[in-house]
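Heads up, the thing below is written out as structure tokens.
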Amino acid sequence: MQTAYRTHTCGQLRREHVGQTVTLAGWVHRRREHGGLIFVDVRDRHGLTQVVCDQAAAPEAYARAAEIGSEWVVQVEGAVAARFEGNPDLATGEIEVRAAVVRVVNASKVPPFEVARDLNLDEAQRLRYRYLDLRRERMARNMDLRHRVTAFVRQALNEHGFIEIETPILTRSTPEGARDFLVPSRLNPGTFYALPQSPQQMKQLLMVAGMDRYYQVARCFRDEDLRADRQFEFTQVDIEMSFVDEDDVMALNEQMFIDLCRAVVPDRPIRQVPFPRMTYAEAMRRYGNDKPDLRFGMTMEDLGDLFATSDFAVFRSTVDSGGAIKAICVPRLFSRKEVGELEEIVKAFGAGGLAWVAFENGETRGSVAKWVADVEPALRERLGAADGHTVFIVAAARKVAEDSLGRLRLHLGEALGLIDPHELAFLWLIAPPLFEWNDDEQRWDSVHHPFTAPHPDDVSLLAGDPGAVRAMAYDAVLNGVEVAGGSIRIHDSAVQQHVFALLGIDEAQARTEFGHLLDAFQYGAPPHGGIAWGFDRTVMILAGESSIREVIAFPKTVAGTDPLTGAPAPVPSANLDLLGLKVAPRT
RNA sequence: GGGGGCGUGGUGUAGAGGCCUAACACAUCGGCCUGUCAAGCCGAAGAUCGCGGGUUCGAAUCCCGUCGCUCCCGCCA
């Protein structure tokens with residue numbers, strides 16, 4: 001790290017350097033003035049070193065140190081000395097640098113917030129001065145972690161015989177999936193490029209091209225509303241392999257996840273290895289969610305059979321009309337007020353209400369205590385309900401019951417502190433449905449994407465019962481977050497056309513929009529499949545953050561703006577003329 | 001498109017109809033101080049409480065609108 005300005009970084013010096021003369025360069029983190037003695041903590045990305053300026057020993061250095069303020073850039077020359085009393089909180093805490101020369105390299109205005117302090121700052125403020133925000137220890141650590149994860153993944157894939165290939169950023173818009181970001185073409189006015197939502201088609205073409213094992217750390221773009229875990233532009237580790245089945249892809253990625261975690265967050269335990277595999281159907285049934293958080297229990301049970309002949313009209317009629325009665329058991333008792341608050345959660349997701357039974361001091365009470373009396377032993381056994389526990393029940397259409405109770409489960413897991421934030425709970429979610437019915441459009445939609453292969457056992461169902469067809473797809477879920485998703489692809493143009501037809505894409509449209517892919521499949525397409533990591537989310541979890549903005553250097557606000565650059569911004573009308581564009585007045 | 005939360009000196013917060021001539025901490029500026037490390041002590045400056053309207057004798061506080069940030073639903077193959 002030695003350069004014209006420094007011999008060491010600010011995180012480098014240790015006891016063994018004592019006696020050496022060194023030069024450091026960095027930012028003034030903090031200054032402590034004691035009369036004839038000034039301590040300056042000099043910081044760079046690598047750490048913090050205490051510099052001592054003694055008026056008696058080095059009057060010039062002392063005079064400079066007396067002038068400088070926070071975040072000034074300084075250069076310090078001096079001897080490394082052992083400290084009288086070390087600072088165990090600091091990597092360089094055993095030493096200090098006795099300044100012989102202090103130079104002001106560049107002064108700084110008083111910063112708009114304290115870089116040296118870890119505060120919960122207003123995000124607009126942080127983004128406006130992102131270059132200062134990134135100086136803070138937390139962000140420097142996150143950027144470093146992100147880099148190490150990228151480097152690890154590249155190295156691991158390289159060692160497994162993959163090659164990294166870049167694919168175009170200016171591509172063709174297709175009707176499937178998210179809203180595209182469009183780029184007008186100057187040379188072909190009135191036509192548009194689209195930014196890639198993922199390199200999906202290109203990587204499949206690369207398989208036809210014989211590239212065998214491809215990966216790319218790929219920027220992807222989707223013009224949808226932003227969230228804590230969603231940005232317009234995000235990064236995928238995009239992987240595609242030829243001559244593989246689902247197990248090949250999952251095994252490779254599982255080992256990478258494990259090795260990665262052990263390398264970059266060695267002190268965080270992985271809950272279960274090998275990763276458990278759970279079908280989509282089971283995840284919905286037990287967790288009400290296609291990305292279950294396995295760090296805590298409280299799984300759902302189905303009580304439909306217990307109430308099929310019940311006198312309780314609400315439950316009975318739910319069962320009769322094909323709905324579900326789902327329950328979770330919570331190892332706690334709640335006040336009526338608390339139950340009311342929890343009920344609001346399930347109502348927000350469509351449930352009519354939240355029924356509950358509490359077992360307290362040998363008594364059974366709660367909104368439906370009277371009605372569960374007949375079936376109480378069976379109910380308690382199924383849910384493992386003991387004294388001091390509360391059972392929450394939602395009776396509704398199956399999807400509503402699972403969804404709302406699943407949300408309640410997550411809420412309680414967090415609110416009751418049942419989650420160890422340190423733990424890493426991976427699982428593979430497998431065999432999701434290939435299609436889901438789109439009621440608005442009166443057609444089937446791909447659950448994953450339209451190139452996902454149907455399970456071989458279900459191909460015969462494509463014609464008669466598309467909703468029952470399982471996909472050869474798999475998602476990696478970590479702590480309730482989808483961190484990767486992939487599938488085995490269709491490599492047969494006939495099956496592909498059949499799927500397009502079900503999606504409401506007629507032959508002419510398929511030719512226009514996917515002709516290149518269908519053509520390619522007629523020139524010897526190898527069986528292939530792959531996966532894409534949601535890279536930002538993965539790093540977010542490893543960093544212990546709850547927003548991907550914390551692991552992206554220059555993110556957008558949830559309104560899609562960048563307070564630093566002022567993007568998006570109007571452009572001169574001459575630029576629009578060149579593109580043949582005209583801005584319509586707002587309606 | 002919809003729902004919730006927040007917006008008070010540079011920063012983070014307190015104040016929730018009259019105790020507000022707006023409090024505290026950090027930062028800033030001046031002074032003291034030779035072993036601190038979130039240094040300490042003394043002092044100073046700094047806010048028409050996001051913006052606009054309304055209610056009221058009286059609004060940081062209540063109401064409406066608007067802007068910004070944020071969380072969630074929809075959306076995200």
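Throughout, protein chains are lettered first and strands after them, A, B, ... in sequence-line order, and every chain is numbered starting at 1.
The gap from the P atom of B:G15 to that of B:A23 amounts to 15 Å, rounded to the nearest Å. The P atoms of B:U70 and B:G31 are separated by 42 Å, rounded to the nearest whole Å. Going from the P atom of B:G7 to that of B:A14 covers 8 Å, rounded to whole Å. Rounded to whole Å, the C1' atom of B:C51 lies 27 Å from the corresponding atom of B:A45. Only the P atoms considered, B:C49 is 7 Å distant from B:A60, to the nearest whole Å. When the P atom is used for both B:G10 and B:G54, the distance is 27 Å, rounded to whole Å. For the C1' atom pair drawn from B:A47 and B:G9, the interatomic distance equals 4 Å after rounding to whole Å. Between the P atoms of B:G5 and B:U11, the separation comes to 24 Å (whole Å).
The residue A:P450 sits close to a base: some heavy atom pair falls under 4.0 Å. Residue A:E482 is out of contact with every strand shown, counting any heavy-atom pair closer than 4.0 Å. Nucleic acid contact class of A:R31 (heavy atoms, under 4.0 Å, all strands): none. Nucleic acid contact for A:S198: base, since at least one base atom lies under 4.0 Å from a heavy atom of the residue. Contacts of A:L48 with the nucleic acid, taken as non-hydrogen atoms under 4.0 Å apart, are absent. Backbone-only contact: A:R407 has heavy atoms under 4.0 Å from sugar-phosphate atoms and none from a base. Residue contacts for A:D122: at a heavy-atom cut-off of 4.0 Å it reaches the sugar-phosphate backbone alone, with no base atom in range. Here A:A56 lies in heavy-atom contact (under 4.0 Å) with a base. Counting any heavy atom pair closer than 4.0 Å across all strands shown, A:T452 reaches no nucleic acid atom.
Checking A:D445 against A:N438 by side-chain atom types alone, a donor-acceptor pair falls below 3.5 Å. A donor atom on one side chain and an acceptor atom on the other are found under 3.5 Å apart for A:S487 and A:R489. When only modelled atom types and interatomic distance are considered, A:D180 and A:S173 share a side-chain donor-acceptor pair under 3.5 Å.
As a whole-Å value, the separation of A:E33 CD from B:G30 C1' is 12 Å. Following rounding to the nearest Å, A:I345 (CD1) and B:G4 (P) show an atom-to-atom distance of 16 Å. Nucleotide B:C33 holds its C1' atom 8 Å from the NE2 atom of A:H34, rounded to whole Å. In this structure, CD1 of A:I38 is placed 16 Å from P of B:C37, rounded to the nearest angstrom. Protein atom CG of A:D536 is 20 Å distant from nucleotide atom P of B:C76, rounded to whole Å. The CG-C1' distance, from A:D290 to B:C76, rounds to 13 Å in whole Å. Atom CZ of A:R179 is separated from atom P of B:C75 by 11 Å (rounded to the nearest Å). Atom CG of A:D403 is separated from atom C1' of B:G74 by 13 Å (rounded to the nearest Å).
A:W444 and A:W437 have their aromatic ring centers within a separation under 6.0 angstrom.
Applying the 3.5 Å distance criterion, the base of B:C75 shares a donor-acceptor pair with the side chain of A:R230. In terms of polar N and O atoms assigned as donor or acceptor, the side chain of A:D225 never comes within less than 3.5 Å of the base of B:C76 in a complementary pairing. Donor-acceptor pairing under 3.5 Å, judged by distance alone, is present between the side chain of A:E96 and the base of B:G35.
Using modelled atom types, no side-chain atom of A:T561 and backbone atom of A:P563 make a donor-acceptor pair closer than 3.5 Å.
Distances shown here put every side-chain N or O of A:T557 at or beyond 4.0 Å from the OP1 or OP2 atom of B:G68. Phosphate proximity of B:C41 to A:R32: absent, as no side-chain N or O sits under 4.0 Å from OP1 or OP2. Residue A:S546 has no polar side-chain atom (N or O) positioned under 4.0 Å from OP1 or OP2 of B:C71.
Taking only side-chain atoms of A:R227, from C-beta outward, the nucleotide of B:G35, B:C73, B:C71 with the closest atom is B:C73. Taking every side-chain heavy atom of A:R30 into account, B:A39 is the closest of B:G35, B:C33, B:A39. Closest to the side chain of A:Q50, out of B:U36, B:G12, B:U70, is B:U36. Listed nucleotides: B:C71, B:U36, B:U34. Nearest to the side chain of A:D54: B:U34. Each of B:A39, B:U11, B:G35 was ranked by its minimum atom distance to the side chain of A:F113; first place goes to B:U11. Side chain of A:R83, nearest nucleotide from B:C71, B:G35, B:G74: B:G35. Side-chain atoms of A:L37 lie closest to B:U34 of the nucleotides B:U36, B:C76, B:U34. Listed candidates were B:U28, B:U36, B:G68. Nearest to the side chain of A:E85 is B:U36.
A cation-pi arrangement, defined by a distance under 6.0 Å to the six-membered ring centre and an angle within 45 degrees of its axis, is present between A:R409 and A:F296.
The partner of B:C6, taking Watson-Crick or G-U wobble pairs whose two distances both stay under 3.5 Å, is B:G68. A 3.5 Å limit on both hydrogen-bonding distances identifies no Watson-Crick or G-U partner for B:A47. Under the Watson-Crick or G-U wobble criterion, with both distances below 3.5 Å, B:A27 has no partner in any strand shown. Across every strand in view, B:C57 sits in a pair with B:G18 that passes the Watson-Crick or G-U test at under 3.5 angstrom.
If A:P563 and A:L119 are placed on RNA chain B by their nearest nucleotide, the residue sitting closer to the 5' end is A:L119. Residue whose closest nucleotide on RNA chain B sits further toward the 5' end, between A:A82 and A:E123: A:A82.
Ion pairing between A:R537 and A:E482 fails under the 4.0 Å rule for side-chain N and carboxylate O.
If you take CD1 on A:I239 and OH on A:Y215, they are separated by 9.5 Å, rounding to the nearest 0.5 Å.
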* Are A:F181 and A:F232 close enough, and set up right, to give a ring pair (Phe, Tyr, Trp, His ring centres under 6.0 Å), and what steps lead you there? -> CA-CA 9 Å; A:F181 273 99; A:F232 283 154; 5.1 Å; yes
